[in-house]
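Comments concern the structure below.
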Amino acid sequence: MRTIKLTAETKKDILNNLLKRSPNNYGQYESTVAEIISNVREEGDKALFAYTEQFDHCKVSAGSVRVTAEEIAEAYTKVDAGLVEVMKKSAENIRTFHAKQLHNSWIETREDGSLLGQKITPIGISGVYVPGGKAAYPSSVLMNVIPAKVAGVKKIIMTTPPDADGNVYAGTLVAADIAGVDEIYKAGGAQAIAAMAFGTESIPKVDKITGPGNIFVALAKKACFGYVSIDSIAGPSEILIIADETANPRYVAADLLSQAEHDELASAILITTSDKLAEAVDAEVDAFVKQLSRKEIIGKSLENYGYILLAETMEDAVETANEIASEHVEILTADPYAVMTKVRNAGALFLGEYSSEPLGDYYAGPNHILPTNGTAKFFSPLNVDDFMKKTSIISYSEQALRKVHKDIELFANSEGLTAHANSIKVRFEERQR
């Protein structure tokens, strides 16, 4: 890994390099995605099935596009029984954590007869996109579906690409069944996003689309935003570790590589105040890479977006972490809780040497759908609120409105909105004569 002394200039260069990975920088694919969306919107199943044959080399029809109960039952026979039990435990942890995020509707009444409140309602239909093939991650199924179930969404559908034989990855089907997906459809790519956004003869229109995918999926979600809600435009995976001289270099190296193996655009960054730790981590990374199965992907990821940054002080390290605003931030210092209080921008924080990032990916309970590419400065992890709508409630009595009507009329007239003012004024016309 590249070891760089942290300065204002090197920090600027690194930030610019990391931002190149954003889906917003892949405009050359937007016209292709727009054409796919337009065709599916206009032609429905016909276009969807044609794209499935073109891109997934699989022929589907109205009679075969939906996964059957028999296919789900067969999937259970293909997944190790021990893994099924682990998925169920993970699902329960996710459900328990997200249940604490629930909010209740509320109403406040006043003596003058006014009433204010907020009504909270789950969205009607949620759609989840799940990648297929080598990019199939059953853990993401649990993370996308369970918060929606906790929120009270009545119908959850899932789309995922089939293989050439028309089969869906067994682990994905098992995870969907455990999480409580209502309907599963064999469709992938931008065409699946369009199908959920606008509906086809076979796939219902949804209110929100969540879930990861390749650049075509990301751009399709971006293009459909406004017709439906989306979770985010997800970028490549990333990890940032803040460490001092007390950190175990072997643990640090292993954790950096846990994200570098995702894809060639993944980012793995160590910021440390210790030259000795930096040297030891670099050596451990080299040793680990030789042993790991995805060494080619890891190598390219580290070559392009892997850094060991040497900071003068822990304050410099934390401030740089806040500027990068990484998806995953591990704090491996003598007092990680003290450092945590200074970290403002992170998708998820992992504190201490036994809180490795994969704990959050698979098991602990907090959501692993996190903001990437610096968006942790203003976005949050996927959560129950993402599947809820908040509606304001306003009710004033005559007495309550009489006390304030002139204030409202003055405000409306100051903006030149005389019809607004009149809407209040007419209620007191006779009393003013």
Check whether any side-chain heavy atom of [X] sits under 4.5 Å from a side-chain heavy atom of [Y], and report yes or no.
| X | Y | answer |
| --- | --- | --- |
| Thr418 | Asn413 | yes |
| Pro161 | Tyr169 | no |
| Pro236 | Asn373 | yes |
| Leu370 | Thr372 | no |
| Asn104 | Ile120 | no |

Sub-3.5 Å donor-acceptor pair from the side chain of [X] to the main-chain atoms of [Y], do we have one?
| X | Y | result |
| --- | --- | --- |
| Ser126 | Ile156 | no |
| Ser38 | Ala34 | no |
| Glu327 | Glu238 | yes |
| Gln259 | Ile239 | no |
| Asn167 | Asp163 | no |
| Asp255 | Ser356 | no |
| Asn304 | Asn17 | no |
| Asn367 | Pro381 | no |
| Lys377 | Glu323 | yes |
| Tyr305 | Ile14 | no |

*Could you give me the CA-CA distance, side-chain angles and deciding distance for Ile298 and Leu302, then say whether side-chain contact (heavy atoms from CB on, under 4.5 Å) is met?*
CA-CA 6 Å; Ile298 292 172; Leu302 295 180; 3.8 Å; yes
*Output, in order, the C-alpha distance, side-chain angles, deciding distance and verdict of side-chain contact (heavy atoms from CB on, under 4.5 Å) for Lys205 and Ile125.*
CA-CA 8 Å; Lys205 183 187 185 313; Ile125 305 177; over 6 Å; no
Minimum heavy-atom distance between [X] and [Y], given as atom pair plus value:
| X | Y | result |
| --- | --- | --- |
| Lys221 | Ile233 | C-CD1, 4.2 Å |
| Leu351 | Met340 | CD1-SD, 3.4 Å |
| Ala192 | Leu48 | N-CD1, 4.3 Å |

*Which word best sums up how the rings of Phe350 and His328 line up, parallel for under 30°, tilted for 30 to 60°, or perpendicular for over 60°?*
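The rings of Phe350 and His328 sit tilted, inter-plane angle from 30° to 60°.
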*Among all residues two or more places apart in sequence or in another chain, which pass the ring-ring contact (aromatic ring centres under 6.0 Å, His included) test with Phe379?*
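Per chain and number, Phe379 pairs via ring-ring contact (aromatic ring centres under 6.0 Å, His included) with no residue.
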Is the shortest side-chain N to carboxylate O distance from [X] to [Y] below 4.0 Å?
| X | Y | answer |
| --- | --- | --- |
| Lys88 | Glu85 | yes |
| Glu319 | Arg344 | yes |
| Glu9 | Lys12 | no |

*Apply the test side-chain contact (heavy atoms from CB on, under 4.5 Å) to residues Lys78 and Leu173: give CA-CA distance (whole Å), side-chain angles for both, the deciding distance (0.1 Å), then the verdict.*
CA-CA 11 Å; Lys78 297 178 180 179; Leu173 293 183; over 6 Å; no
So, using side chain to side chain donor-acceptor pair (under 3.5 Å) as the criterion, who are the partners of [X] when residues are at least two apart?
| X | answer |
| --- | --- |
| Thr160 | none |
| Tyr251 | none |
| Glu183 | Lys155, Tyr185 |
| Ser105 | none |

Mind checking the [atom1]-[atom2] spacing from [X] to [Y]? Nearest 0.5 Å is all I need.
| X | Y | atom1 | atom2 | value |
| --- | --- | --- | --- | --- |
| Met158 | Asp182 | CE | CG | 11.5 Å |
| Tyr76 | Asp177 | OH | CG | 3.5 Å |
| Lys389 | Ser229 | NZ | OG | 11.5 Å |
| Ile308 | Leu6 | CD1 | CG | 13.0 Å |

_With salt bridge (charged side-chain N to carboxylate O under 4.0 Å, His left out) as the criterion, how do Glu92 and Arg95 come out once you've worked through the C-alpha distance, each side chain's angles and the decisive distance to 0.1 Å?_
CA-CA 5 Å; Glu92 187 54 37; Arg95 190 173 292 108; 3.2 Å; yes
*Over 12 foreign heavy atoms within 6.0 Å of CD, Glu43*: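 Atom CD in Glu43 is crowded, with more than 12 foreign heavy atoms closer than 6.0 Å.
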*Give a yes or no on whether Tyr362 atom OH has more than 12 heavy-atom contacts from other residues, nucleotides or ligands under 6.0 Å away.*
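Atom OH in Tyr362 is not crowded, with 12 or fewer foreign heavy atoms closer than 6.0 Å.
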_Tell me which pairs pass side chain to side chain donor-acceptor pair (under 3.5 Å) where either residue lies in residues 47-59, with sequence neighbours left out._
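Every side chain to side chain donor-acceptor pair (under 3.5 Å) pair that includes a residue of residues 47-59, provided the two are not neighbours, is Asn39-Tyr51.
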_Please evaluate residues Val40 and Phe198 with respect to the criterion side-chain contact (heavy atoms from CB on, under 4.5 Å), reporting the C-alpha separation (whole Å), side-chain torsions for both, the decisive distance (0.1 Å), and the verdict._
CA-CA 8 Å; Val40 172; Phe198 299 104; over 6 Å; no
